[in-house]
Novice: 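This structure is in structure tokens; I'll ask about it shortly.
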Amino acid sequence: MLRNPKQWQFLKKTAELGKTPHALLFYGHGAIGKKVLALEFIKLLNCQEGKIETRPCNHCRACRDIEKNVHPDLMIIEPQEGKEIKITQIRELQNNLSLKAYSAPFKTAIIDKAHLLNQEAQSAFLKILEEPQGNSLFILISEYPEMLLPTILSRVERLRFYALPDQNKNKEQQKLIEEIAQLGRENLLTRFSYAKKLAEESNDLRSVLDVWLSYFREKLLAVVGGEAGEYSVIKLKKIVKSIQNINFLISTTNVNNRLALEILMLEL
């Protein structure tokens, strides 16, 4: 069973109506099934089963080739050595798109961790979006869509993915929220001590930052909506931006976790 049924139903409906967007952006937390759903959707579009209602069948040649990542009309682009997606990869994509589809109705490309497209690669990909060659579908997958060029974001249909609820996780999340709320009232020494302890003990710092990001986004929306709060709109925007930047750095570089957290502590 797919983990994101609402997103799946939306995609399936676009296919049934023949209104599949030229480019899609799947964004949201990491490891929640975005790439799995992208592949299932591509299976649905290429499946040789007659009725779309029963696609993907997972038995026909197209479905099996997509599952094995050997389908001639599907390209999956990922960061090289886990660091970045380079312009050479986008040029290869462009060359591939210039060729006629081998067996599918159109060519498809998945760009995983699209936020790791470097600036040259983003500019080259933007040109592909602006001047598409033949029938093609692009699915970008990202945890940090804000790292993409605004001109790219304006040319894709965005589909947000949410972390699935978990009762035990909810208790942990509430504890983290209470801690960060209290830290805003503490002195800098206490905040730095907390940052040191968290950096040393946490095995999943990104999840902690995701909880804090959701909390401060809600606070920001509430204050913008007229509710009184401890922080101003400007202050909350700075905190949100700081958490986003730190989470991105932790995901993509060898930044010192303790120092990164101390930067956030200065913003509280």
Side-chain angles (χ1 to χ4, degrees), residues 27-32 34-35 77-87 89 111-122 140-150 153 161-163 166 168-220 230-268:
Y27 72 102
H29 295 282
I32 53 175
K34 296 187 292 295
K35 187 175 180 181
I77 298 172
E78 298 174 312
Q80 292 184 339
E81 299 175 357
K83 294 180 179 179
E84 65 178 7
I85 298 171
K86 299 181 179 180
I87 190 170
Q89 295 170 268
I111 302 181
D112 197 12
K113 295 181 174 59
H115 52 275
L116 293 182
L117 284 155
N118 65 29
Q119 287 302 305
E120 285 184 321
Q122 287 205 41
L140 285 71
I141 300 172
S142 178
E143 297 167 51
Y144 306 100
E146 63 273 8
M147 304 304 296
L148 293 168
L149 292 172
L153 293 175
F161 287 67
Y162 298 88
D166 182 296
N168 291 328
K169 282 189 176 180
N170 285 341
K171 291 178 181 178
E172 294 171 10
Q173 290 170 357
Q174 187 57 42
K175 181 174 180 290
L176 289 169
I177 289 170
E178 290 171 0
E179 289 174 352
I180 197 68
Q182 181 59 35
L183 279 175
R185 308 181 189 100
E186 301 291 348
N187 59 43
L188 199 55
L189 180 61
T190 302
R191 295 181 207 171
F192 276 15
S193 295
Y194 179 86
K196 179 177 181 293
K197 182 180 179 183
L198 184 61
E200 291 173 350
E201 296 180 0
S202 178
N203 295 320
D204 191 2
L205 190 52
R206 288 176 57 197
S207 293
V208 174
L209 291 167
D210 283 340
V211 172
W212 289 351
L213 183 59
S214 296
Y215 169 70
F216 281 109
R217 276 176 172 164
E218 289 179 8
K219 296 279 283 186
L220 175 59
E230 302 172 61
Y231 298 102
S232 66
V233 170
I234 293 174
K235 186 71 171 176
L236 285 167
K237 284 183 176 179
K238 285 182 178 179
I239 293 172
V240 167
K241 186 66 176 176
S242 181
I243 296 173
Q244 288 175 325
N245 289 340
I246 292 168
N247 212 342
F248 179 72
L249 287 172
I250 288 172
S251 305
T252 59
T253 70
N254 293 322
V255 67
N256 183 296
N257 289 352
R258 177 182 171 182
L259 292 178
L261 287 171
E262 286 178 354
I263 292 171
L264 175 58
M265 295 300 120
L266 290 169
E267 292 288 353
L268 296 179

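Starting from 1, each residue takes its place in the sequence as its number.
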Novice: Please find the pair of heavy atoms, one from Val240 and one from Arg217, that lie closest to each other, and give the distance.
Specialist: CG2-N, 4.1 Å
Novice: Could you grab the distance from atom CG of Leu176 to atom OG of Ser214, nearest 0.5 Å is fine?
Specialist: 11.5 Å
Novice: Using a 3.5 Å distance criterion without hydrogens, assess whether the side chain of Gln122 forms a donor-acceptor pair with backbone atoms of Met147.
Specialist: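 Pair found, side chain donor or acceptor close to backbone of Met147.
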Novice: Nearest 0.5 Å please: distance from the CH2 atom of Trp212 over to the NZ atom of Lys219.
Specialist: 15.0 Å
Novice: Out of curiosity, Leu116 CG to Gln80 CD, how far, rounded to the nearest 0.5 Å?
Specialist: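 The CD atom of Gln80 is 11.5 Å from CG of Leu116, to the nearest 0.5 Å.
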Novice: As an exercise, state the distance from CD1 of Ile180 to CE of Met265, rounded to the nearest 0.5 Å.
Specialist: 4.5 Å
Novice: Glu78: which residues meet the salt bridge (Lys or Arg N to Asp or Glu O under 4.0 Å) condition with it, sequence neighbours left out?
Specialist: Lys35
Novice: Please step through side-chain contact (heavy atoms from CB on, under 4.5 Å) for the pair Phe248 and Glu146, ending with a clear verdict.
Specialist: CA-CA 10 Å; Phe248 179 72; Glu146 63 273 8; over 6 Å; no
Novice: At what distance, to the nearest 0.5 angstrom, does CG of Leu264 lie from CG of Leu259?
Specialist: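 One finds 13.0 Å between CG of Leu264 and CG of Leu259.
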Novice: What pair of heavy atoms forms the shortest contact from Tyr231 to Gly184, and how long is it?
Specialist: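 Minimum heavy-atom separation between Tyr231 and Gly184: OH-CA, 3.5 Å.
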Novice: What pair of heavy atoms forms the shortest contact from Leu209 to Ile243, and how long is it?
Specialist: O-CG2, 3.5 Å
Novice: Give a yes or no on whether a salt bridge exists between Arg185 and Glu230, defined as a side-chain N under 4.0 angstrom from a carboxylate O.
Specialist: yes
Novice: Test side-chain contact (heavy atoms from CB on, under 4.5 Å) on Ile32 and Tyr162 and set out the steps.
Specialist: CA-CA 7 Å; Ile32 53 175; Tyr162 298 88; 5.8 Å; no
Novice: Quick check: are there more than 12 heavy atoms from other residues, nucleotides or ligands sitting under 6.0 Å from CG of Asn254?
Specialist: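 No, CG of Asn254 has 12 or fewer neighbouring heavy atoms, counting only those of other groups under 6.0 Å.
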Novice: Using a 3.5 Å distance criterion without hydrogens, assess whether the side chain of Ser242 forms a donor-acceptor pair with backbone atoms of Lys238.
Specialist: no
Novice: Considering the options Asn247, Ile246, Ile250, which one meets the side-chain contact (heavy atoms from CB on, under 4.5 Å) requirement together with Leu205?
Specialist: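 Looking at Asn247, Ile246, Ile250, the match for Leu205 under the side-chain contact (heavy atoms from CB on, under 4.5 Å) is Ile250.
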Novice: Apply the salt bridge (charged side-chain N to carboxylate O under 4.0 Å, His left out) test between Lys175 and each candidate in Glu178, Glu172, Glu179; give the one that qualifies.
Specialist: Glu179
Novice: Can you name the closest pair of heavy atoms from Ala181 and Tyr215 and give their distance?
Specialist: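 Result for this residue pair: CB-OH, 3.6 Å.
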Novice: Can you tell me how far apart CD1 (Ile263) and CG (Leu249) are? Round to the nearest 0.5 Å.
Specialist: 7.5 Å
Novice: Would a distance-only check, ignoring hydrogens and angles, find a side-chain to backbone donor-acceptor pair under 3.5 Å from Gln89 to Lys86?
Specialist: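 It does hold such a pair.
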Novice: Taking the side chain as C-beta and beyond, is there a heavy-atom pair between Leu220 and Ile239 under 4.5 Å?
Specialist: no
Novice: Mark yes or no for whether Lys34, through its side chain, and Leu140, through its backbone, hold a donor-acceptor pair below 3.5 Å.
Specialist: no
Novice: Might you point out which heavy atoms bring Val211 and Ile177 nearest each other, and give the distance in Å?
Specialist: CG1-CG1, 3.8 Å
Novice: Of the non-hydrogen atoms in Ala121 and Ile87, which two are nearest, and what is the gap between them?
Specialist: CB-N, 3.8 Å
Novice: Any donor-acceptor pair under 3.5 Å linking the side-chain atoms of Ser207 with those of Asp210?
Specialist: no
Novice: Taking Lys196's backbone N and O only, do any of them form a donor-acceptor pair with Arg258's side chain (distance below 3.5 Å, no angle check)?
Specialist: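 No; zero donor-acceptor contacts below 3.5 Å.
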